[in-house]
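Every chain is numbered from 1, with letters handed out A, B, ... down the list of sequences. Keep in mind that what you see is a predicted model, and the values were worked out from it rather than measured.
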There are 2 protein chains.
Amino acid sequence: MGRKRLQESADGRPTVHTVAARAGVSIASASRVLNGVGGSPETVRKVREAAAEVGYVPNAIARSLQSQRTELVALAVEDIGNPVYVEMMRAIESVVADSGRQLLVHATGGRIDNETALLRRLANRYVDGMIVSPIRVTADHLTALQDSPVPVVVVGQLAEDAPVDNVRTDSRRGIALAVDHLVATGRRRIGFVNGPLDTVPGAARDAGFRTALAAHGIVLDENLVEVGDFQYAAGRDATERLLARAEPDALVCANDLIAVGALHALLARGRQVPTDVALVGMDDTELARMMFPQLSSVSLGSAERGRRAAELLLQRIADPSLPPRRAQVAPSLAVRASSAPATHVPAPREEVTS
Amino acid sequence: MGRKRLQESADGRPTVHTVAARAGVSIASASRVLNGVGGSPETVRKVREAAAEVGYVPNAIARSLQSQRTELVALAVEDIGNPVYVEMMRAIESVVADSGRQLLVHATGGRIDNETALLRRLANRYVDGMIVSPIRVTADHLTALQDSPVPVVVVGQLAEDAPVDNVRTDSRRGIALAVDHLVATGRRRIGFVNGPLDTVPGAARDAGFRTALAAHGIVLDENLVEVGDFQYAAGRDATERLLARAEPDALVCANDLIAVGALHALLARGRQVPTDVALVGMDDTELARMMFPQLSSVSLGSAERGRRAAELLLQRIADPSLPPRRAQVAPSLAVRASSAPATHVPAPREEVTS
DNA sequence: CCGGTAGCTGTAAACGTTTCCGGGAGTTTG
DNA sequence: CAAACTCCCGGAAACGTTTACAGCTACCGG
């Protein structure tokens with residue numbers, strides 16, 4: 001009985017020793033056959049049979065220790081419930097699964113310490129790589145990124161010279177698409193409901209909005225700008241504050257959740273969309289198409305960015321010596337009922353690219 | 001130079017050997033100090049210093065191989081984008097993170113082979129446990145569940161005698177809550193838009209609907225029942241088919257995504273909600289509150305179920321000899337504008353429990 | 001003054017896998 | 001027919017950690 005003890009793992013499951021003993025070969029041969037490399041036909045047969053008989057399944061941990069890779073990839077986003085991240089996650093998961101790896105998902109809640117802790121924990125080698133979409137970036141963050149022992153790809157704006165793989169979009173340009181469209185359809189008192197200004201996307205969208213208005217020679221009434229959180233409830237509240245002091249004929253929202261909140265605030269106040277107020281969201285998630293009226297929205301290509309990020313990461317895992325690379329996804333505008341011109345019937349859906 | 005090679009890991013990162021050598025102690029002492037067990041004050045100081053100087057971080061894989069646990073927990077759901085799973089996932093992640101573990105998320109796409117493959121892969125020990133919410137259950141599935149080498153908790157209906165930890169709700173009772181409410185507010189031609197009947201939730205909801213109608217002495221017109229997928233677009237299409245052949249004065253939908261699709265179909269056909277048709281969804285996700293009018297919805301306590309499932313799993317991981325346990329979460333109905341009585345003004349929001 | 005004990009330390013064995021290396025058998029070539 | 005080469009096999013080392021075990025020192029009590 002003491003003999004068996006040496007062949008199976010602590011909890012009685014078969015190991016490669018069990019298989020080898022049963023097949024009457026060495027563990028080296030057993031391992032080779034199980035990995036499909038080498039072995040005479042006779043050996044292959046014996047080992048395969050033995051493995052099948054005892055129901056052998058290789059222990060992934062031991063394999064990882066040897067190979068120094070876990071076939072796991074992590075994704076860290078602020079809010080796992082935001083549909084934009086869901087879309088990104090779906091795209092990433094698809095690429096990652098196709099490569100035979102699994103995806104580990106972290107919700108950081110946007111707390112910066114949380115995120116850096118996560119980055120530092122990478123040092124323990126539990127994942128082969130990580131995709132992170134930070135909404136705030138500090139110097140601390142950057143150093144943690146740079147001396148991470150495992151590959152990291154950042155989705156979002158990053159300093160030009162940061163030596164880190166990076167997938168980005170031009171959200172300022174995205175906002176400009178929205179503003180251009182609204183101006184072209186006759187709106188002039190265009191308001192903006194943004195997320196926090198101390199976040200990277202928040203700041204970029206704010207700058208984009210101001211630049212776009214200026215390009216049309218429109219002077220911005222600060223009463224038309226309000227800031228909340230990137231969430232539904234915060235968007236609704238922020239819009240209510242805005243409506244209490246100003247009369248916009250259009251609203252640009254920094255994401256679709258905010259736009260849905262804005263829609264509620266507008267309807268609650270008796271404004272018609274798009275007749276009284278045109279509404280444009282951002283991220284072009286499924287949510288935008290679910291609303292009534294359907295929301296126009298600026299697509300920042302979240303699925304595409306996710307896909308590209310996953311590809312960059314897999315390439316870097318395969319060859320860590322690659323120079324830092326950068327991918328850019330162009331924004332586009334999906335025009336729907338919520339921003340139809342006030343004067344006539346809604347135009348059919350139309351896509352304008354970059 | 002060959003000496004250093006023995007102290008640091010392949011990629012040049014410090015190991016416990018590096019720390020031990022630097023502190024002038026054995027690796028056993030170093031390991032003990034790093035784990036906070038034993039060691040003289042002098043040894044502790046030296047080891048701590050050495051570890052800090054070289055920036056030592058323990059290798060989680062090696063630790064796992066030794067301890068036979070990964071501190072990872074997996075969650076497998078059909079669709080990571082369905083808000084009901086997002087809520088469940090949030091709750092689970094919170095419990096799991098509090099226990100110092102991490103959550104691995106799988107999207108099965110509802111494909112049964114996918115799910116059993118996942119269960120079988122558990123044998124490779126990459127996670128300490130798994131929560132799975134299958135929408136289809138086969139015999140194959142059940143055996144895979146039962147002889148899984150790691151603990152599994154199932155969220156959803158399961159045979160009474162299945163010796164598996166299980167968290168469930170009574171969705172038949174949930175449907176009954178919706179029907180009772182609609183009947184009480186004067187609706188009689190109540191329709192039902194369901195998901196696939198070959199899924200466990202689909203079948204249960206169908207049965208629940210028929211029973212509930214019968215309890216009110218209403219004979220069901222089969223034209224008022226339509227089946228699609230548990231998705232937005234499928235819900236919209238199914239509702240369109242239903243409306244093309246019948247005139248319901250109320251619709252019960254098997255989840256909130258379907259309800260949103262139904263809302264669109266109704267509005268597109270010129271029906272007013274709730275005046276012409278009352279609408280009740282299921283799962284009571286954030287989405288229900290985001291619509292206009294806000295959707296009444298049957299809550300199946302998804303967050304609560306997630307929390308309970310996570311707790312059951314952690315307990316079983318701690319003590320695998322526990323007998324199989326079962327937790328039940330009662331449904332409740334959140335009444336909102338979409339199902340207000342046709343005749344008078346909407347009643348204030350009201351919660352009816354089980 | 002000596003046996004016993006407590007506390008610390010280092011050696012070595014485990015965890016389960018892959019892989020390097022040397023040896024043996026069989027096959028081809030000069 | 002010998003030499004060289006190919007292929008397969010088994011032993012053993014490695015991956016980086018934790019931990020059982022035994023030895024050592026120092027201290028305490030009798």
Ignoring backbone atoms, test whether [X] places a side-chain nitrogen or oxygen under 4.0 Å from the OP1 or OP2 oxygen of [N].
{"X": "B:Asn35", "N": "D:dT18", "value": "yes"}
{"X": "B:Ser40", "N": "C:dC8", "value": "no"}
{"X": "B:Arg63", "N": "D:dG16", "value": "no"}

Just the rounded figure in Å: distance from [atom2] of [N] to [atom1] of [X].
{"X": "B:Leu65", "N": "D:dA14", "atom1": "CG", "atom2": "C1'", "result": "12 Å"}
{"X": "B:Leu34", "N": "D:dT18", "atom1": "CG", "atom2": "C1'", "result": "11 Å"}
{"X": "A:Ile27", "N": "D:dC8", "atom1": "CD1", "atom2": "P", "result": "19 Å"}

Between the side-chain atoms of B:Arg13 and the base atoms of D:dG16, is any donor-acceptor pair under 3.5 Å?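 No such pair is found, so the answer is no.
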Polar pair under 3.5 Å, donor/acceptor by atom type, side chain A:Arg32, base D:dG10: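 Yes, the side chain and the base share a sub-3.5 Å donor-acceptor pair.
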By nearest heavy atom, map B:Gly38 and B:Gln66 onto DNA chain C; which one lands nearer the 5' end?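 The residue whose closest nucleotide sits nearer the 5' end is B:Gly38.
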Quiz question: by atom type and distance under 3.5 Å, do the side chains of [X] and [Y] form a donor-acceptor pair?
{"X": "B:Arg69", "Y": "B:Ser67", "answer": "no"}
{"X": "A:Asp319", "Y": "A:Ser321", "answer": "yes"}
{"X": "A:Thr70", "Y": "A:Asp128", "answer": "yes"}

Measure from the side chain of [X], starting at C-beta and using heavy atoms only, and say which of [options] lies closest.
{"X": "A:Ala62", "options": "C:dT19, C:dT17, D:dT17", "result": "C:dT17"}
{"X": "A:Ala28", "options": "C:dT11, C:dT17, C:dT19", "result": "C:dT19"}
{"X": "A:Ser26", "options": "D:dG11, D:dG16, C:dG16", "result": "D:dG11"}

Under the side-chain contact (heavy atoms from CB on, under 4.5 Å) rule, collect the residues that match up with A:Val84, sequence neighbours excluded.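 Once residues adjacent in sequence are excluded, the partners of A:Val84 under the side-chain contact (heavy atoms from CB on, under 4.5 Å) criterion are A:Asn82, A:Asp283, A:Thr285, A:Ser302.
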